[in-house]
Protein chains: 2
Amino acid sequence: MGLKATLLLGSIMTLSVANPSLAADWQALPDQAPFPADNPPSEAKIELGKILFFDPRFSEHGTLSCNSCHNVMTGGDDNRPNSIGMHDARGGRSAPTVWNAAFYSVQFWDGRAATLEDQAKGPVANPIEMGMASLDEAMARVAKIPGYQPLFEAAFPGEPNPITGDNAVKAIAAFERTLITPNSPYDRYVKGDAAAMTEQQIRGMETFDALGCTSCHSGANFSGPTLPIGTGFFMKFPTYPGSAYDAKYKLTKDPGRYEVTKKAADRHLFRVPTLRNIALTAPYFNNGQVPTLDKAVQVMAKVQLNKDLTEAQTADLVAFLNALTGEFPELALPRLPGTPNMSVIPPVDPHLKVKAHR
Amino acid sequence: MGLKATLLLGSIMTLSVANPSLAADWQALPDQAPFPADNPPSEAKIELGKILFFDPRFSEHGTLSCNSCHNVMTGGDDNRPNSIGMHDARGGRSAPTVWNAAFYSVQFWDGRAATLEDQAKGPVANPIEMGMASLDEAMARVAKIPGYQPLFEAAFPGEPNPITGDNAVKAIAAFERTLITPNSPYDRYVKGDAAAMTEQQIRGMETFDALGCTSCHSGANFSGPTLPIGTGFFMKFPTYPGSAYDAKYKLTKDPGRYEVTKKAADRHLFRVPTLRNIALTAPYFNNGQVPTLDKAVQVMAKVQLNKDLTEAQTADLVAFLNALTGEFPELALPRLPGTPNMSVIPPVDPHLKVKAHR
């Protein structure tokens, strides 16, 4: 038995002694995310993906990048009920965090994309998001930016025409797979540092398990069991409809995965979201209608477990969820390659009114 | 005479020998920008200013930061004719670059702000930009974000209530004064590296001087002489109205500085903009109506100097202007302090239509 295994065993034992009642399989966040066989990471690919992730020029008006709604300077979303796309458009769902998204087995609230690569194709051509006519139109802009040519060549060596939509989303996905937030108080605790969480956080962890939250929010990412890519771990929300929350927070308006499959059994099914960094991603749920984490915890207990929480339970659970805020890697601000002497963003629709002068 | 002075003299001599016909006072960009006596820079202030610069939560919908329109990942603007603010609003003027803005003696196209501090107060409360009701409303959001408290305390030590609008804009201005792009081919050339510019760029430099461009675009920042803060170096645009360009590019629509002073003599006066990194900030002019740099150069020669350029002159001038693209300092991506368990961005106006589901 090597040193690592010994330490691991030591950790588990420490944990068992400290919390003998815990039944859940508590896992720390891995340092590396899985990746598809056809898209192994490389430094050049990750760097290209990062630049693309921050580049707003592939949105219709040149104003929105991936980072606009999945802001890696924060908890990886936009802290809004929904995001704002081209022409001031809003969708009905809240932007999920990009942090640790690499650990999901499907992407989007309704799981309509199997991989991060597939996911990245969506917003670019969504009329209420980045609003390009197609991924190809976006790539036509990329191709006009001279500095992208060497970046694509380095990321996809040997390909005669590397500037393709498929390669762009591969690079973005490769970058996103580096967006991992390890070493949260929870992670340090389950690795054996008994002082990493406060007493209240430990109580919250026990409550989280005892109530049954772990039946969905399990695994290292608190988003369900590790499943093959494309499988998806979905749950009905609300599982117990009929509470006052349904109307108050419009919980039954969105048919969820039904929109993808048109199967009645998929009505109101949603991918179980990660709880990592959940304290930083208010407002909450698929429609972003619940403004605070304490209210979100109470709603979940009621509509998923049919339980009414005490104030103390709520506070403990919120404290535990705050222990899931991890360490965010330091990133350098990317430099976006320029288009000397011109812009790739077309002048905007002439029908738009100029509302004031300055 | 110390080593530095000797080197400088050597540089000037080299330049004089290489280009005996040059009359202009060619200056390299200073490494440091001037600052007001009441706002000396400090590391803590610059760091706070940078975080505020990137934080979108002080816009009405939580979607726009300073960096949205003055993108330091690019040439410091948004490569658009005009910027897009809250509610899809557009203004009539093009966002000036933030790079080297510290070398201006006034801010905005019409010089309506004396300092970067004053400038930073504008967009936050402009209904067609960040759209807050007031700077105070923005600061009320800042005050709700716990992580800002220690940042303001470190930046403004000893102040009992450091979270104020005045301090916020001081910090932003202190950060902006670090946004300097030295060591362009032009800078290296005038410091004595005769190989730093191409032959065409040197021809373009001579043409730039001979045509009279330097009568306005002079000094280290190519934005006129160094003047006391608040003075402003303005010029009439177009100086020679009546060309076909007036209608084509709507050159006489904007009354310029007249809007600020209401003096007839200020009609169509604009601050002379820097030409540094001009190759990266298309489209051009106060209204962003001219899409390319070669066209911009031809328009300027015609409407400011009443001269028609040849294709060769145009190409040489564009080449020279590309030699003004400097080195951009490496910046770390800031981490925006979170608001655990809640969002400071209010849910958006209920009258807005949700246009689609996803």
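Below, chain A is the first sequence line, B the second, and so on; all start at residue 1.
Residues of residues 284-294 of chain B placed with any heavy atom under 4.5 Å of a heavy atom in chain A are listed by number as B:Tyr284, B:Pro291, B:Thr292, B:Leu293.
Only the side chain of A:Pro56 comes within contact range of chain B, with heavy atoms under 4.5 Å apart. When heavy atoms are compared at a cutoff of 4.5 Å, A:Ser68 does not approach chain B at all. Residue B:Asn277 does not touch chain A at all, counting heavy-atom pairs closer than 4.5 Å. For A:Asp55, no part sits under 4.5 Å from any heavy atom of chain B, backbone or side chain.
With hydrogens and angles disregarded, no donor-acceptor distance shorter than 3.5 Å links the side chain of A:Arg80 to the backbone of B:Ile345. Side chain of A:Ser343 to backbone of B:Asn79: a donor-acceptor contact under 3.5 angstrom is found. In this structure, A:Arg335 contributes its side chain and B:Val72 its backbone to a donor-acceptor pair below 3.5 Å.
Here CZ of A:Arg57 is found 11.5 Å from CG of B:Asp78. Values are rounded to the nearest 0.5 Å. Rounding to the nearest 0.5 Å places CG of B:Leu333 at 7.0 Å from CG of A:Asn67.
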Should A:Asn71 and B:Leu336 be marked as a side chain to side chain contact (heavy atoms under 4.5 Å, CB included) after you check the CA-CA gap, both sets of side-chain angles, and the distance that decides it? CA-CA 10 Å; A:Asn71 192 344; B:Leu336 309 184; 4.3 Å; yes
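Considering only heavy atoms from C-beta on, A:Asn341 comes within 4.5 Å of B:Asn322 through its side chain. Within the 4.5 Å cutoff, side-chain heavy atoms of A:His61 are placed close to those of B:Arg90.
For A:Ser184, the side-chain hydrogen bond (donor to acceptor under 3.5 Å, both in side chains) partners two or more places apart in sequence, or in a different chain, are A:Asp187. In this view, B:Phe53 and B:Phe175 satisfy the ring-ring contact (aromatic ring centres under 6.0 Å, His included) rule, not counting sequence neighbours. Remark: B:Trp99 engages B:Phe328 in a ring-ring contact (aromatic ring centres under 6.0 Å, His included) (not counting sequence neighbours).
Heavy-atom pairs under 4.5 Å with chain B peak, among A:Pro337, A:Ala332, A:Gly338, at A:Ala332. For the set B:Val344, B:Ile51, B:Leu280, B:Thr74, the count of heavy-atom pairs under 4.5 angstrom toward chain A peaks at B:Thr74.
Taking all atoms of both residues into account, the shortest heavy-atom contact from A:Pro334 to B:Met73 is O-CG, 3.2 Å.
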